[in-house]
*Asks:* 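Attaching a single structure in structure tokens format; questions to follow.
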There are 4 protein chains.
Amino acid sequence: MSTPSTSGRKDAQRNRLRVLKTARALFAERGDDVQMPELARAAGVGVGTVYRHFPTRQALVEAAAEHRFAELAAYAGTECRSRPELGGGLERYLTRVGEVLAADRGLSAAIEAARGTSETEPRGPALAELEAAIEVLIADGKAAGTLRADVTVADVYMLVGALSATIRTGSGDWKRFIDLAMNGLRTA
Amino acid sequence: MSTPSTSGRKDAQRNRLRVLKTARALFAERGDDVQMPELARAAGVGVGTVYRHFPTRQALVEAAAEHRFAELAAYAGTECRSRPELGGGLERYLTRVGEVLAADRGLSAAIEAARGTSETEPRGPALAELEAAIEVLIADGKAAGTLRADVTVADVYMLVGALSATIRTGSGDWKRFIDLAMNGLRTA
Amino acid sequence: MSTPSTSGRKDAQRNRLRVLKTARALFAERGDDVQMPELARAAGVGVGTVYRHFPTRQALVEAAAEHRFAELAAYAGTECRSRPELGGGLERYLTRVGEVLAADRGLSAAIEAARGTSETEPRGPALAELEAAIEVLIADGKAAGTLRADVTVADVYMLVGALSATIRTGSGDWKRFIDLAMNGLRTA
Amino acid sequence: MSTPSTSGRKDAQRNRLRVLKTARALFAERGDDVQMPELARAAGVGVGTVYRHFPTRQALVEAAAEHRFAELAAYAGTECRSRPELGGGLERYLTRVGEVLAADRGLSAAIEAARGTSETEPRGPALAELEAAIEVLIADGKAAGTLRADVTVADVYMLVGALSATIRTGSGDWKRFIDLAMNGLRTA
DNA sequence: GATGAATGAGGTTTCATTCAT
DNA sequence: AATGAATGAAACCTCATTCAT
């Protein structure tokens with residue numbers, strides 16, 4: 001509507017991204033109660049286009065989740081390691097995660113709602129990347145003598161999940177959660 | 001229709017409880033996808049009766065949540081304190097919570113779904129009781145010198161929420177979570 | 001809307017019938033392009049009520065088919081045999097079928113559309129009844145020496161189907177079809 | 001885009017035929033539930049190309065119908081008359097029709113679905129040809145003294161329609177249908 | 001002429017809740 | 001107080017058709 005030409009084949013990818021970003025924004029704002037036609041309208045495309053790129057509402061939510069996840073993974077792999085000599089890369093990482101999630105509780109809610117009763121967590125491609133990055137942060141911490149020797153990626157992953165829930169449900173001060181969690185990971 | 005009168009107030013209470021227990025059982029088994037008419041049938045009453053006692057589906061879910069919560073509170077107040085000289089009352093409590101929640105992931109999911117995008121957590125009457133009980137467990141721990149001096153009820157409450165999410169989503173080994181959490185609460 | 005009270009439990013059956021009759025009428029008039037909400041409105045009930053009685057659009061169409069089928073079966077069992085000494089019971093029956101179907105081409109179209117690509121024909125309870133009645137008509141004809149000795153119920157059933165298609169598609173004069181068909185069934 | 005020019009008019013005809021044949025094949029296999037984009041893909045062209053040649057899905061189905069119809073007409077005009085002294089040209093023709101339709105029930109279903117509630121049958125160019133051919137077969141039969149004197153092309157056309165329906169719906173043994181039909185057409 | 005991404009009006013079905021009996 | 005049939009507002013998704021490239 002504001003952009004003059006809606007274009008053709010070439011920027012199908014651009015459309016996909018547009019939908020994805022609109023979805024993130026709308027979910028962030030209003031949680032799970034966003035309907036497909038409305039979302040399409042907000043993205044400036046027809047519902048059909050949304051469904052072309054994401055065959056199911058759930059698929060769209062998952063893609064939004066993955067999108068945010070990828071950002072978090074990228075952060076873990078770059079900024080957090082930037083000054084390893086300072087130590088505390090892991091803590092900086094968790095804090096960053098907290099900030100992102102806190103700014104975006106609606107999306108978390110939508111993701112949670114979409115999970116429904118499904119038993120398994122979806123494992124997107126960004127996950128492997130994230131795990132590798134966290135591995136490094138853990139190694140740094142152990143090298144600096146600040147982390148317990150038995151800390152694993154699985155531990156951190158679990159704590160991120162717990163942090164996310166804490167923020168989403170507002171069951172407490174998430175900075176305090178990180179504080180306690182880091183304390184739990186540190187050498188006695 | 002032909003039976004003169006099916007009794008009075010006493011049956012009403014019995015019905016309320018029947019519905020509540022059926023709800024806990026069905027939610028536990030199938031999560032949020034339980035429909036009101038079906039639930040009514042399972043409880044052996046009509047939908048109307050369910051609605052007489054719980055004006056809304058959400059109200060019923062909240063009641064089920066409170067019901068479970070009350071059990072947890074009772075446990076904190078009794079068994080966990082039973083042998084304070086042993087120490088570790090708080091850890092025993094968290095473990096108990098974990099066991100109950102792990103046996104009951106469906107109900108957690110239903111509760112979570114019912115919360116929807118609502119900002120605030122419902123605070124039922126059992127909460128005060130629980131807080132008092134936890135206060136005591138914390139005091140015990142501090143007296144035994146095992147807990148950090150700054151640990152509060154809010155901390156524990158937050159950790160219980162995080163534990164619940166960890167179990168519900170299956171994002172990791174919840175016993176390990178308790179391990180890390182307790183480590184975080186302990187004196188350095 | 002015109003009837004003062006919509007009543008409760010007792011005339012659920014009355015509602016079912018009302019929906020069924022409305023369906024027959026609407027399908028007769030407009031063929032397959034009748035939508036559920038519209039049909040419900042025409043029947044003076046909500047869509048939900050329609051779906052309570054007929055879990056699927058297809059189920060409703062099938063019920064309408066069966067309803068008409070039952071009428072045809074009843075006719076075969078009664079009027080057509082009324083004066084066997086006249087002979088020609090089978091022909092009178094086919095003619096009657098033709099009249100009913102000709103007055104009701106829309107329903108035939110809806111039924112056909114609902115069948116879709118499905119391989120098998122639905123066999124409702126009226127079918128057995130019809131077959132028994134036709135058996136008798138055939139026996140009458142053979143006794144009167146007018147029908148070929150090898151004529152079976154399956155033949156007649158097949159011819160009824162063919163007659164139905166002839167009428168529905170308007171591919172010719174159905175009375176002529178009956179003429180030819182009867183000629184085909186008669187002794188040389 | 002890089003290829004200078006993909007030829008001119010000749011390819012267009014080739015494409016038309018390609019689409020038509022693909023349509024026949026796909027409809028034969030899956031009945032009416034074939035989508036335009038899918039059909040286009042199967043034909044190795046874009047949807048746009050399909051629409052260039054057939055302005056409407058219905059038009060394509062009709063073209064497929066006509067295509068098959070033309071084959072049937074050709075057969076009536078050639079092989080069936082090949083040895084008129086044998087008699088039974090009409091029966092041989094109907095049998096051939098039956099064989100073709102039986103191998104192709106899906107297309108019949110698609111044609112039927114496309115007709116929808118429309119009152120009139122489409123009359124393609126092959127029809128006149130067919131009628132002429134049948135006229136001859138009928139004349140042969142009458143000359144041989146095997147057909148009733150009042151048999152018309154319209155009768156045969158109607159019977160072909162009925163035969164088609166019998167095969168499509170599977171309501172009986174279509175060879176038996178031909179048997180009865182021929183018997184109906186024969187002199188007493 | 002060909003391509004295929006985009007469109008968006010519809011259509012079926014679900015299920016929390018109401019209310020006549 | 002209990003019953004359960006009825007309600008009807010949604011909400012998702014499909015797919016024939018268009019048109020910019």
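Reminder, nothing fancy here: chain letters follow the sequence lines and each chain counts from 1.
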*Asks:* Applying salt bridge (Lys or Arg N to Asp or Glu O under 4.0 Å), can you list everything that pairs with B/R18, at least two apart in sequence or on another chain?
*Replies:* none
*Asks:* I want to check one thing: is the phosphate of E/dA6, taken as OP1 and OP2, less than 4.0 Å away from some side-chain N or O of A/H53?
*Replies:* yes
*Asks:* With nearest nucleotides of DNA chain E determined for C/G48 and B/G48 from heavy-atom distances, which residue corresponds to the more 5′ nucleotide?
*Replies:* C/G48
*Asks:* So B/F54 and B/E62, do their side chains get closer than 4.5 Å, heavy atoms only?
*Replies:* no
*Asks:* For the atom pair CG (B/D32) and CG (B/L26), what is the distance rounded to the nearest 0.5 Å?
*Replies:* 12.0 Å
*Asks:* Can you list everything that forms a side chain to side chain donor-acceptor pair (under 3.5 Å) with B/R16? Sequence neighbours excluded, please.
*Replies:* none
*Asks:* Test C/V19 against C/L39 for side chain to side chain contact (heavy atoms under 4.5 Å, CB included), laying out the working first.
*Replies:* CA-CA 8 Å; C/V19 169; C/L39 194 154; 4.2 Å; yes
*Asks:* Requiring both pairing distances under 3.5 angstrom, list the stems that contain DNA chain F and are made of three or more consecutive Watson-Crick or G-U pairs.
*Replies:* E:2-21 with F:2-21
*Asks:* Who passes salt bridge (Lys or Arg N to Asp or Glu O under 4.0 Å) against D/E38, sequence neighbours left out?
*Replies:* D/R30
*Asks:* Report each atom pair, protein N/O against N/O of nucleotides 11-13 of chain E, whose distance is under 3.5 angstrom.
*Replies:*
unit_1 : atom_1 : unit_2 : atom_2 : d
E/dG11 : OP1    : C/Q35  : OE1    : 3.1
E/dG11 : OP2    : C/Q35  : OE1    : 2.5
E/dG11 : OP2    : C/Q35  : NE2    : 2.4
E/dT12 : OP1    : C/R57  : NE     : 2.7
E/dT12 : OP2    : C/M36  : N      : 3.4
E/dT13 : OP2    : C/Y51  : OH     : 3.1
E/dT13 : OP2    : C/R57  : N      : 2.9

*Asks:* In whole Å, I'd like the distance from the CG atom of A/D33 to the C1' atom of F/dA9.
*Replies:* 15 Å
*Asks:* In whole Å, I'd like the distance from the CD atom of B/E38 to the P atom of F/dG4.
*Replies:* 15 Å
*Asks:* Give a yes/no answer on whether the side chain of A/N15 brings an N or O atom under 4.0 Å of OP1 or OP2 in E/dA5.
*Replies:* no
*Asks:* Does a nitrogen or oxygen in the side chain of C/T49 sit under 4.0 Å from OP1 or OP2 of F/dT7?
*Replies:* yes
*Asks:* In whole Å, I'd like the distance from the CD atom of A/Q13 to the P atom of E/dA6.
*Replies:* 9 Å
*Asks:* Rounded to the nearest 0.5 Å, what separates atom CG in B/L107 from atom CD in B/E112?
*Replies:* 11.5 Å
*Asks:* Under the rule for salt bridge (Lys or Arg N to Asp or Glu O under 4.0 Å), what residues qualify as partners of C/D104, not counting sequence neighbours?
*Replies:* C/R24, C/R68
*Asks:* How many whole angstroms separate atom CZ of C/R14 from atom P of F/dA5?
*Replies:* 16 Å
